[in-house]
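Letters A, B, ... are given to chains in the order of the sequence lines, protein chains preceding strands, and every chain is numbered from 1.
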2 protein chains.
Amino acid sequence: MFNQALIQHLESFIPLKENEKALFEDKFVSRLVKRKEKILTAGEVCKQYTFIVKGCFRMYGVDDKGFEHNIQFAAENDWIADISSFYTQKTSQLNIEALEASELLQIKQQDLFFLFTNVPKLNRIFKVMIEHKYIELQNRVLQNFSSTAEQRYLGFLEQYPHLSNRLPNTQIASYLGITPEFLSKVRKNIQSKA
Amino acid sequence: MFNQALIQHLESFIPLKENEKALFEDKFVSRLVKRKEKILTAGEVCKQYTFIVKGCFRMYGVDDKGFEHNIQFAAENDWIADISSFYTQKTSQLNIEALEASELLQIKQQDLFFLFTNVPKLNRIFKVMIEHKYIELQNRVLQNFSSTAEQRYLGFLEQYPHLSNRLPNTQIASYLGITPEFLSKVRKNIQSKA
DNA sequence: ATCTACCCTTAACCTAGATTAAGAAATCAG
DNA sequence: CTGATTTCTTAATCTAGGTTAAGGGTAGAT
């Protein structure tokens, strides 16, 4: 029995025929990962495109001083991959790590390309998906520019209410580009206003 | 006679047939703009996808204190649009302004969608194009995280050598997220090292 | 060719956020 | 259930980069 979460997600874009669903069943591989387990490590090539059935991940880079910087989070019914490395097949500068014990479905590059050829409507779906990802990333750039740490934190709470009470503050701080200590100060300051 | 720059650019992805080229000729509109002229103003919907034949543009947002923040530059043989607004047809938060007197080719959303339908390979071209844009933006996010202003400036010089000696420092500062005064300090500091 | 608007730099002072340290609270794995 | 690890917070001190102001240089429009 194939996982309904993925099919439902894809059909939220365009309905699929039974034989198309069967092709997916064939190519996606189910996998369980533990908390803190990495599904991509910097220096490797990103060979899998991952759909998250259950759980939560972060994608992060490490700077020259050894500090980690979260670029994005992803949870249920979302996709995660280093798109740059996946499409260019060059080594990735990024890591993808489970923040909770998670369940996922993965497809290899060559199998995804097979599906692009044999299920043409998948091109449209993935074009729209990457457009969404692009827009999300652009909003992130915009938000980073235009705000103090407090404004960015409030923006984050608004944009990711389902994640904000699920992620440790230390991970949120890393996403916002500030230290956990300063986030603590910011939170205190917000509370004293309310 | 149709503009060769656009055709050459598109054919760098996939060769086109004569009748396909004719369709482009029909749908793209040539336009000249002066320095400082805006081709998109925040609050409007981005209705045109723009190919730059000659000249140079910046895309920027304005924060709540009235400060401008450059998100990207684009010059000859590159495309510029607020992809978010263009695809969603919601009002844009961004402005696109000519930094030099420029020559461009524009296509309206409905005409581009017409071409997507009638020249199917254009879907592939635009999928790859947006993948490139996504990768560029992700690199920008990564670079912003991982560096001091000096490192980011050096990274900018490396990544955009053709633009760095063409743009006023004040625009570069806005891209890097620092003040022109501080960029001046950074430049001085770099020189005294060399 | 020249006037005007923009651009670059310097310097003195100021603030948001980093760093370090350390204790209390929460969460995870066995 | 319990010890081990992670997480959250506070506070003192420090620094990268912002702000303001002002002079000189450069490039665009007419």
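- Using a 30° and 60° split on the angle between ring planes, Y49(B) and F86(B) fall in the perpendicular class, above 60°.
- Using a 4.0 Å cut-off, no side-chain N or O of K185(A) falls inside it from OP1 or OP2 of dA12(D).
- Between F156(A) and Y160(A), the ring planes lie tilted relative to each other; the angle falls in the 30° to 60° range.
- As rounded to whole Å, 15 Å separates atom C1' of dC8(C) from atom CD1 of I190(B).
- Among the protein residues, T170(B) comes within range of the sugar-phosphate backbone only, with heavy atoms under 4.0 Å from sugar or phosphate atoms but none that close to a base.
- Rounding to whole angstrom units, CZ of residue F182(B) and P of dT10(C) are separated by 13 Å.
- Both the sub-6.0 Å distance and the 45° axial angle are not jointly satisfied by K127(A) relative to the ring of F126(B).
- One cannot find a donor-acceptor pair under 3.5 Å joining the base of dG28(D) and the side-chain atoms of K36(B).
- Among the atoms of the strands shown, none is found under 4.0 Å from any heavy atom of R166(A).
- The side chain of T179(A) contributes an N or O atom lying less than 4.0 Å from OP1 or OP2 of dA18(C).
- Spacing between atom NE2 of H69(A) and atom C1' of dA18(C) amounts to 12 Å, rounded to whole angstrom units.
- Atom CD of Q191(B) is separated from atom C1' of dT9(C) by 12 Å (rounded to the nearest Å).
- Comparing dA11(D), dG17(D), dT9(C) by their closest approach to the side chain of E181(A) singles out dA11(D).
- Look at CZ on F67(B): it is 13 Å from C1' on dG17(D), rounded to the nearest Å.
- Contact annotation: R187(A) side-chain N/O to dT9(D) OP1/OP2 distance is under 4.0 Å.
- The distance between atom NZ of K65(B) and atom C1' of dT19(D), rounded to the nearest whole Å, is 11 Å.
- Remark: E97(A) engages R58(A) in a salt bridge, criterion side-chain N to carboxylate O under 4.0 Å.
- The shortest distance between the side-chain N/O atoms of N169(B) and the OP1/OP2 oxygens of dC8(C) is below 4.0 Å.
- Comparing atom distances between the K188(B) side chain and each of dC8(D), dA11(C), dG17(D) picks out dA11(C) as nearest.
- Counting only heavy atoms from C-beta on, R152(A) has its side chain closest to dG17(C) among dC8(C), dG18(D), dG17(C).
- Between the side chains of Q143(A) and R152(A), not a single donor N or O lies within less than 3.5 Å of an accepting N or O.
- Among the nucleotides dT20(C), dC28(C), dA11(C), the one closest to any side-chain atom of R35(A) is dC28(C).
- In this entry the distance linking CD1 of I172(A) with P of dT9(D) reads 11 Å, nearest Å.
- Remark: P of dT19(C) and CG of L183(A) are 15 Å apart, rounded to the nearest angstrom.
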